[in-house]
Amino acid sequence: MHTVAVLALDKVIAFDLSTPIEVFTRTRLPDGRPAYRVRICAPTPEVDAGMFTLRAPWGLDALAEADTVIVPGCAETDTPVPAEVVEAIRGAAARGTRIASICSGAFVLAATGLLDGLRATTHWLAAPLLAARHPEIRVDPDVLYVDNGQILTSAGAAAGLDLCLHLIRRDHGSAVAADAARLSVMPLEREGGQAQFIVHDHPPAPRGATLEPLLEWLEDNADQNLTLEDIARRAGMSTRTLSRRFREQTGTSPVQWLHRARIRQAQYLLEATSHPVDRIAFQVGFGSPTAFRDRFRRVVGTSPHAYRSAFRRPDVD
């Protein structure tokens, strides 16, 4: 039987810890037999889980006997990973054990060096910090999980479910995974990635920056058919000077900033109104519904219809 070791460290996030326990212990093979054996492991007999104290039945030596090691996230990413934990995870990886992290568990894997040179993800709020601390990792904040074969990482919260279902499908096929998904009241494949859950604030500009009035004007006029020349004329600059200063102060181009402003407005209209998608496309300044759908999917990671289904306010008819 496939053994899954779930590693519990101090300040472990209870949701991340419980997700693999629930999903894997409830998974059954077609003949009804359990598909997995799950063991909760920790470097100490008791683990501080914030609101409660956890007593782990197994120590780090259980990682050596596991087929898969799951590293849940911890609430504190600044705490150094104990040397014995780093050694145990590296040892398991050296033996060919599959290693997967949930949410900020990616910081633990990063400390072991196992993510060096790989693409990885974590909760979108923590992704910039992971990228800054570990520039050798290609951090992708827009996906639910990343499968590098032996090493996998997932985003936060419900993305841990997506990761576990993906592992079940890898191990036992789609039929078993689909049954596990039904038990979890989850689709086997969710449309879109983390981008649909990110609040896309406009690229930051320091208060008092010379472009601040222009950014406010762009926000107010995002529904207009604006070109780079129109924006430069409003700013009283050449297009070349505008582009240079825009990137210096916002980190992006005028046109990209405008696209993001339009998508933010579209997200609000999809959530708060019953307007048809084609109407919203024109309301926020896109020349065609097709261009709007393409840009929306590129920025948000899912379609306007799927976004509305997930986030529409219950009081909207």
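Along the sequence shown, residues carry numbers from 1.
Ser104 and His123 share no donor-acceptor pair across their side chains, judged by distance under 3.5 Å alone. Side chains of Tyr36 and Asp67: no donor on one and acceptor on the other come within 3.5 Å.
The closest side-chain heavy-atom distance from Tyr145 to Leu152 is not below 4.5 Å. The side-chain heavy atoms of Leu215 and Phe246, taken from C-beta on, include a pair separated by under 4.5 Å. Looking only at side-chain heavy atoms (C-beta outward), Leu54 and Glu46 stay at 4.5 Å or farther from each other. Side-chain contact between Val277 and Arg293: present, with at least one pair of heavy atoms (C-beta onward) separated by less than 4.5 Å. Contact annotation: the side chain of Lys11 never approaches that of Thr79 to less than 4.5 Å [non-hydrogen atoms, C-beta and beyond].
Note: Phe107 CZ to Asp78 CG = 8.5 Å, rounded to the nearest 0.5 Å. The SG atom of Cys74 sits 11.5 Å away from the CD1 atom of Ile102 when rounded to the nearest 0.5 Å. Atom CD1 of Ile137 sits about 11.0 Å away from atom OG1 of Thr121, to the nearest 0.5 Å. Note: Leu129 CG to His134 NE2 = 8.0 Å, rounded to the nearest 0.5 Å. Here the SG atom belonging to Cys164 is positioned 5.5 Å from the CD1 atom belonging to Ile70, to the nearest 0.5 angstrom. Here Trp58 contributes atom CH2 and Thr3 contributes atom OG1; the two are 9.5 Å apart, rounded to the nearest 0.5 Å.
Using a distance-only test at 3.5 Å, with no hydrogens or angles considered, a donor-acceptor pair links the side chain of Arg138 to the main chain of Gly117. Listed for the Thr97 side chain is no donor-acceptor partner under 3.5 Å among the backbone atoms of Ala93. With hydrogens and angles disregarded, a donor-acceptor distance shorter than 3.5 Å links the side chain of Arg170 to the backbone of Gly149. A distance-only check finds no donor-acceptor pair linking the side chain of Thr241 to the backbone of Ser238 [under 3.5 Å]. For the pair Asn148 (side chain) and Arg119 (backbone), a donor-acceptor distance under 3.5 Å is present. No side-chain donor-acceptor contact under 3.5 Å links Glu76 to the backbone of Val12. Within the 3.5 Å criterion, the main-chain N or O of Val23 finds a donor-acceptor partner in the side chain of Thr27. With hydrogens and angles ignored, the 3.5 Å screen pairs no side-chain donor or acceptor of Asp10 with any backbone N or O of Val47. Proximity of a side-chain donor or acceptor of Arg308 to a complementary backbone N or O of Leu270 within less than 3.5 Å is detected.
Residues Leu7 and Val38 fall into different hydrophobic clusters, defined by Ile, Leu, Val, Met, Phe, Trp and Tyr side chains chained together at heavy-atom separations under 4.5 Å.
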(request) Check the pair Asp147 / Arg98 against salt bridge (charged side-chain N to carboxylate O under 4.0 Å, His left out), numbers first and verdict last. (result) CA-CA 11 Å; Asp147 184 347; Arg98 185 170 61 189; over 6 Å; no
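Stacking of Arg233 on the aromatic ring of Trp217 is not recorded, the 6.0 Å distance cut-off and the 45° axial limit not both being met.
A search for side-chain contact (heavy atoms from CB on, under 4.5 Å) contacts involving Thr112 returns Val86, Ile89, Arg90, Leu114, not counting sequence neighbours.
Comment: Arg262 does not engage Asp223 in a salt bridge, judged by the lack of any side-chain N to carboxylate O separation of less than 4.0 angstrom. In this structure, Glu22 pairs ionically with Arg26, as a charged nitrogen and a carboxylate oxygen lie closer than 4.0 Å. Using a 4.0 Å cut-off between a side-chain N of Lys or Arg and a carboxylate O of Asp or Glu, Arg28 and Asp179 do not qualify as a salt bridge.
In this structure, Glu84 and Pro43 approach most closely via the heavy-atom pair OE2-CB, 4.3 Å. Considering all non-hydrogen atoms of both residues, Ala222 and Leu258 come closest at CA-CD1, 3.8 Å.
Ring pair His259/Phe292: centre-to-centre distance not below 6.0 Å.
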